[in-house]
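Just so we're on the same page: letters track the sequence lines, and every chain starts at 1. All of these numbers come straight from a predicted model, not from anything done at the bench.
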Amino acid sequence: MSAHSPAAPVGGKLLNLTTLVCGVLIVAALGVLLARFIFGLGFVTNLNDGYPWGIWVAVDVVIGSALACGGFSVAMLVYIFNKGQYHPLVRPALLASLFGYTLAGVGVMFDLGRWWNFWHVFSPVHANPNSVMFEVAVCISAYILVMWIEFSPVFLEKLGRHDLKQKLNKVLFFFIALGTLLPMMHQSSLGTLLVLMGGQINPLWQTPILPLLYLLTAIIMGYGVVLFESCLASSAYRREIEVHLLEPLSKVMLGMLGFYLVVRIGDLVVRGALGNAFSFSVAAIFFWFEMILFFLPLVLIGSLGARRNPARLFQAGVAIMLAGALLRFNGFLIGYDTGPGWSYFPSVAELLVTVGMLAIHVVGYIIVTRRFPVLPREEATAAH
Amino acid sequence: MAKQDLMLLESDERIDAAATRLSMTRREFLQFCAVLATTLGLPQGADAAIAEAVATKKRPSVIWLHFQECTGCTESLLRAEHPTLEKLILDVISLDYHETLFAAAGHQIEAARLQAMSDNKGKYILVIEGAIPTKDGGIYCKIGGKTAIELTKECAADAAAVIAIGSCASWGGMPSTDPNPTGASSVSQVLGKPVVTIPGCPPNPYNFLSSVVHLLTFGALPAVDHLGRPKFAYSRLVHENCERRAHFDAGRFALEFGDDAHRQGFCLYKLGCKGPETYANCPTIQFGDMGAGTWPVGCGHPCIGCTEQGIAFQKPIHSLAKMKNIQPGVFLPGIVEQKGVGVTLGAAAVLAAVAGVAAGAGVKLAKNLGLSHEAEELERAKKAGKTSSESAEV
Amino acid sequence: MLSRRNFLKGCLAGSGAAAAALVPAPASARGNLERPPEALGLLYDATLCVGCQACVAACKEANKNPAEFRAMDHLWDTPLDTTGHTFNVIKVYTNGTGATKDVETDGFAFMKTSCLHCADPSCVSACPVSAMRKDPVTGIVSYDADACFGCRYCVAACAFGIPKFQYDSPTGRIGKCELCRHRHKDGHYSACAEVCPTGATLFGRTTDLLAEARRRLALKPGETTLIPRGRLPYGDVEAEKANTWRREPDQRYEARVGNYLQHVYGEHEYGGTQVLKLSAVNFEKVGMPDLPPRSSASISETIQHTLYRGMIMPVAVLGALTWVAKRNVAPDDDKAKGDQP
């Protein structure tokens with residue numbers, strides 16, 4: 001395989017403006033959550049009978065988990081399609097996934113109205129295998145476990161437990177395979193959740209091929225997140241950007257993106273749903289935002305020269321993240337209509353929790369990358 | 001306008017005289033006027049106007065005719081307490097013809113009637129009790145050799161006002177029940193013009209009395225509806241003021257006489273109560289001045305709609321009433337109601353702040369990356385330029 | 001090391017399998033579930049309804065639900081819609097002057113809002129912990145708060161917007177009509193039907209109620225007919241003799257037939273419901289959505305079954321992935337000892 005340098009902690013101070021601000025946001029979010037658990041969901045959220053799912057579901061869980069697909073996408077590339085050269089990207093991607101999914105899973109607990117019964121979804125007495133939500137819950141839970149196992153070599157290395165690490169490596173391939181299968185299952189099922197809602201979802205986002213659309217965008221978003229986080233981390237830690245890795249990765253992303261766009265637009269045309277995009281409505285406007293964002297990377301990094309430009313890579317990454325997020329946001333919130341008369345906008349408290357979750361992710365990422373061997377050792381990258 | 005304040009009248013000597021004439025104390029007389037004003041639904045101050053009117057004006061002459069009737073309406077009037085009938089006929093009005101109450105009979109009473117009519121020409125009130133047969137020339141009711149139709153027309157000609165008291169006179173009542181062999185008709189049908197009607201079988205006497213006193217006080221009869229019924233008494237359905245309405249609204253119904261629900265005084269709708277399609281004020285003023293519950297529903301029997309043509313003596317007593325005047329309640333929700341919380345200033349501000357920070361940071365980062373990339377490219381170009389020139393030199 | 005050819009082959013096979021599997025194959029399609037033969041339900045005839053709300057009050061009492069206040073005086077129970085604490089409301093449709101009952105233009109009409117107890121309920125399909133269940137005999141869609149974990153997927157899934165969550169409590173639960181199944185053992189049937197003075201809400205076996213609905217639709221508007229109240233007797237004599245509902249006097253009465261739309265709502269919508277409705281005003285205008293005959297639960301479960309039935313596909317894909325991963329990961333390990341994967 002190609003030579004890959006070992007990883008190392010970045011080192012440096014943990015306390016800076018970023019972590020401080022994040023700390024404040026986290027405290028605020030915890031305050032809101034305390035109120036939520038004491039007084040109920042209605043006390044802190046604007047959830048109502050017409051909008052049972054607000055941003056805690058649509059953003060924290062659905063979008064959050066999709067944005068956490070970097071680990072899955074890169075691991076698939078490296079270990080299934082054997083593109084070993086992307087190896088240095090694996091650990092940071094896995095870290096982002098680890099936090100993203102763990103937070104998504106924890107975030108679910110905040111939203112559940114009767115959270116003390118959460119274990120029922122694993123109990124054979126209660127479980128309903130016909131339910132899409134059942135599949136999502138079990139699969140995400142399993143995946144979180146798998147990811148902690150996949151990432152444990154990092155902790156084992158830091159702790160100096162190379163013997164344990166060796167033992168783990170022998171069976172790691174199975175967990176990697178599992179870690180490729182599980183996201184396929186639950187990311188597609190997150191899309192299938194909408195199928196049951198029937199006509200309550202705008203035809204622009206209601207189709208029998210929802211699982212395929214969500215799976216494709218999850219993979220694509222995974223690569224987008226890698227572009228985004230690589231550029232961000234490198235810039236923040238003042239390290240060289242691994243353009244030699246990101247460039248071909250972005251090409252893979254573009255390929256999948258092209259395929260997705262054909263499928264997406266083809267589906268809209270076949271179902272005759274495109275007409276909805278031309279009405280003067282909030283849904284139509286958001287649909288065009290989503291489409292534009294999906295096409296943007298083709299424009300931004302269509303050429304090789306552009307793909308070598310970290311700025312363009314970063315922009316393309318952000319664009320695809322927003323595009324995929326918008327597909328989900330549109331499906332679960334904008335395109336969701338249970339009947340006239342209902343309105344929903346997240347409350348300040350709800351927003352604080354979502355932002356707080358993001359802050360935990362940021363702080364966690366900083367702490368782990370600075371103190372654990374995740375990012376590639378700096379000297380080696382200068383060789384390219 | 002008459003004096004507005006009842007209290008000011010208390011010391012008025014005319015009130016004193018009237019009270020003495022009516023063998024009431026001043027207090028009782030003023031109370032009587034107040035009650036009448038309330039029954040009429042008149043605003044504050046009217047009680048004083050009535051008191052003054054009763055005290056001052058000349059007693060109006062009343063001619064009271066009886067035709068196809070059971071005399072129930074007169075009987076109902078006899079049960080009036082305020083004023084009692086003797087006070088009424090002796091002191092409030094001048095009852096110049098009444099077959100039931102008069103001692104005289106035969107030619108004497110007919111002479112009295114004709115005398116009263118000529119003495120009070122154009123000023124007397126004609127009250128008719130009972131329906132008027134119209135078949136076969138109206139021979140099925142004759143008094144003093146004259147048919148009811150003739151008498152009606154004769155007396156109505158010079159009357160100041162015509163009042164049809166009771167359902168029979170108002171719309172035909174019991175005698176007009178199918179197949180109506182005598183052609184029993186209402187007063188307005190016979191006269192060919194609308195008249196004031198006080199339907200009921202019998203009607204509450206105060207509906208009649210209040211109308212008369214209203215005429216006395218204000219010189220005009222009270223406002224009436226399209227059937228001639230005074231609005232103060234007949235503008236509301238029995239259902240609207242029924243004391244058992246809460247039971248209807250909560251779905252508590254008596255299904256059989258004597259069952260548990262019936263014993264508990266639940267709604268009688270399912271027993272055929274016609275309250276929902278009958279206009280009358282029975283639930284409000286009830287009958288007999290004996291306290292609460294002195295009306296059919298209050299006693300546990302469904303209303304039979306005795307004031308309404310087409311209902312009383314036509315619809316079976318226990319058949320389900322049609323709900324007239326179904327007005328959706330104000331508090332009933334519409335099919336579409338605005339619910340949920342939309343954008344608030346705070347939330348929009350937080351969202352804008354977060355989005356702004358993220359966008360700003362993103363743009364800055366992209367710019368930095370772009371700048372460093374440009375610098376790198378420049379370096380590379382320089383190096384390439386050097387090497388190519390070097391190689392070119394070689 | 002994997003050759004480029006093999007790599008490409010693997011790519012193609014993998015993506016082909018994934019793509020094909022994610023588009024549901026018609027062969028494993030699950031059709032609509034049907035109403036059980038002894039399914040219980042209601043027939044709501046909007047033309048008979050007088051908006052008295054006895055059913056709203058009775059439902060509150062039967063389910064021990066608190067009142068919902070909108071005015072400051074906190075005197076009257078005035079919910080705007082069904083909620084976690086209100087399982088039945090009567091809503092008013094008004095148009096223009098709202099003068100005439102059961103007329104679409106310049107008229108008004110009433111519509112009952114409560115659970116329709118679908119033959120193929122979206123909520124039952126949605127619930128991951130079987131808190132929403134459909135009784136195999138009576139077909140009643142029931143809710144078990146002890147099983148529920150409050151994800152509110154049922155709330156989002158229901159096409160009629162019926163299940164509602166109690167957001168005002170930290171231990172909130174879902175609330176919806178369960179046809180008063182907790183009173184059945186005492187011989188009481190749905191409270192709304194028991195108290196309805198005009199028979200607008202009628203309880204009975206759905207097959208019998210459907211026959212009654214069709215009978216009314218066949219009559220001419222204005223024609224008189226006998227309208228039953230409370231419970232519609234079973235269609236067959238033996239079943240009626242053997243029934244355990246409470247004894248009631250015959251409450252049928254004569255009434256004039258309304259100007260119905262020739263459509264029994266709930267007969268075919270989403271595969272059929274157990275609560276049927278008759279109306280003189282267009283159903284969509286009175287809040288009943290226009291739904292296709294194919295239930296969304298059947299579509300959703302078709303997708304899930306196609307992908308995951310017997311876990312065949314996931315296990316197969318896992319097998320393939322494991323084989324590939326082992327090939328790719330193991331050589332690495334041999335080469336660089338002690339190195340990270």
Could you have a look at [options] and say which one has the most heavy-atom pairs with chain A under 4.5 angstrom?
{"options": "C/Ala159, C/Pro289, C/Cys148", "value": "C/Cys148"}
{"options": "C/Ser169, C/Cys127, C/Ala131, C/Gly161", "value": "C/Cys127"}
{"options": "C/Pro292, C/Ser295, C/Pro170", "value": "C/Pro170"}
{"options": "C/Ala297, C/Ala320, C/Gly172", "value": "C/Gly172"}
{"options": "C/Val124, C/Leu291, C/Asp146", "value": "C/Asp146"}

Side chains of C/Thr83 and C/Lys164, donor plus acceptor under 3.5 Å: no
Relative to chain C, which of [options] shows the most heavy atom pairs under 4.5 Å?
{"options": "A/Leu193, A/Thr192, A/Thr338", "value": "A/Leu193"}
{"options": "A/Pro52, A/Gly40, A/Ala75, A/Gly339", "value": "A/Pro52"}
{"options": "A/Ser131, A/Gly42, A/Ala177, A/Gly341", "value": "A/Ser131"}
{"options": "A/Ile38, A/Leu47, A/Asn117", "value": "A/Asn117"}
{"options": "A/Phe122, A/Phe175, A/Phe332, A/Trp116", "value": "A/Trp116"}

[X] portion near chain A, given a 4.5 angstrom heavy-atom threshold:
{"X": "C/Ala145", "value": "both"}
{"X": "C/Asp144", "value": "neither"}
{"X": "C/Met132", "value": "neither"}

Atom pair CZ/OG of C/Phe160 and C/Ser122 - distance to nearest 0.5 Å: 8.0 Å
Spacing of NE2 belonging to A/His162 relative to NZ belonging to A/Lys167, to within rounding of 0.5 Å: 14.0 Å
Aromatic ring proximity A/Phe173/A/Tyr79, centre distance under 6.0 Å: no
Aromatic ring proximity, centroids under 6.0 angstrom, C/Phe149 and A/Trp119: no
More than 12 heavy atoms of other groups within 6.0 Å of A/Phe43 CZ: no
